[in-house]
Amino acid sequence: MSRPAVHPVEAAPMTIEAPRVRMKDFQGMPGTTGGLFLRLCQFVFAVVSLCVMTTTLDFPSVTAFCYLVAAVGLQSVWSLSLAIADIYCLSVRRSFRHVGVISLFAIGDGVTSTLTFAAACASAGITVLVGNDLDKCNVNHCTRFMSATAMAFLSWFAVSPSFLLNYWSLASR
């Protein structure tokens, strides 16, 4: 008659590590349809602001308007490039999870949103000065300047959630 052999087995260590939980992809984060929608809104508002401002002949005479053209030009290029990246992520059904990519997006969104907001504020100040204080709207293109400034503010409103979600995603790692 044979008997089973019993061999001593070492117990597993008693350290319990909590499993890492991945953060859910919220709409508006890179690689989601909400993120693509925000990027396209940023791009459209920045391009409309750029086109309206550059179609006026006397915008180069005011430094704030030149700054607005430069800021929304940078914003439109940045938003278009990230919209293309979002389209790629959606087509291959993956999302951005690499810390380096998310930090690049957060820094880029922070810089472009700050530049766009500062340019929109400066242009709004000059528009109010020309329109209300100097009463020179009949000589200048005040409605075009106001429209371009409003589109720049709308572009900034669209980039702010992108920046906050990217920064939150980066900070939660």
Measure the acute angle between the ring planes of H141 and F145, then classify it against the limits of 30° and 60° as parallel, tilted or perpendicular.
perpendicular

Quick one: side chain to side chain donor-acceptor pair (under 3.5 Å) partners of S81, sequence neighbours excluded?
none

Check side chain to side chain donor-acceptor pair (under 3.5 Å) between S76 and all other residues, then give those that pass, not counting sequence neighbours.
none

Could you pull out the closest heavy-atom pair between [X] and [Y], with the gap in Å?
X: T112; Y: V159; value: OG1-CG2, 4.4 Å
X: G31; Y: D86; value: N-OD1, 2.8 Å
X: V69; Y: F59; value: CG2-CE1, 3.4 Å
X: T114; Y: G110; value: OG1-O, 2.7 Å

Using residues 122-134 as the side-chain source, report each donor-acceptor pair under 3.5 Å to any protein atom, sequence neighbours left out, with the distance given to one decimal.
from : atom 1 : to   : atom 2 : distance (Å)
S123 : OG     : A64  : O      : 3.4
S123 : OG     : A119 : O      : 3.0
T127 : OG1    : S123 : O      : 2.7

Only counting residues at least two apart or in another chain, list the ones meeting ring-ring contact (aromatic ring centres under 6.0 Å, His included) with W78.
none

Residues at least two apart in sequence or cross-chain that pass ring-ring contact (aromatic ring centres under 6.0 Å, His included) with F45, listed by chain then number, are none

Answer whether the closest heavy-atom distance between the side chains of M151 and L154 falls below 4.5 Å.
yes

The complete set of salt bridge (charged side-chain N to carboxylate O under 4.0 Å, His left out) pairs with one or both residues in residues 150-166, sequence neighbours excluded, reads none

Would you mind listing every salt bridge (charged side-chain N to carboxylate O under 4.0 Å, His left out) that reaches into residues 112-126, with sequence neighbours excluded?
none

Qualifying residues under side chain to side chain contact (heavy atoms under 4.5 Å, CB included), relative to [X], sequence neighbours excluded:
X: V44; result: V48
X: A148; result: S49, V52, M53, L68
X: C121; result: F117, F153
X: L80; result: F43, I84

Is it the case that the side chain of [X] and the backbone of [Y] share a donor-acceptor pair, with hydrogens and angles ignored and the cut-off at 3.5 Å?
X: S169; Y: L165; result: no
X: N166; Y: I102; result: no
X: S160; Y: W156; result: yes

Let me check something: do Y88 and L36 share a hydrophobic cluster, defined by ILVMFWY side-chain heavy atoms less than 4.5 Å apart, either directly or through other members?
no

Linked, directly or transitively: V101 and L82 (ILVMFWY side chains, under 4.5 Å):
yes

Regarding Q75 and T116, is there a side-chain donor-to-acceptor distance under 3.5 Å anywhere?
yes

List for me each residue that meets salt bridge (charged side-chain N to carboxylate O under 4.0 Å, His left out) alongside D109, sequence neighbours excluded, and say none if there are none.
R39

Under the side chain to side chain contact (heavy atoms under 4.5 Å, CB included) rule, what do C66 and V62 come out as? Steps first, then yes or no, please.
CA-CA 7 Å; C66 293; V62 180; over 6 Å; no

Say you draw a straight line from CG of L38 to OG1 of T33; how long is it, rounded to the nearest 0.5 Å?
10.0 Å

Step through the shown structure and confirm whether more than 12 heavy atoms of other residues, nucleotides or ligands are within 6.0 Å of OH on Y67.
yes

Give the C-alpha distance, both sets of side-chain angles, the deciding distance and a yes or no for side chain to side chain contact (heavy atoms under 4.5 Å, CB included) between T32 and F37.
CA-CA 9 Å; T32 62; F37 176 73; over 6 Å; no

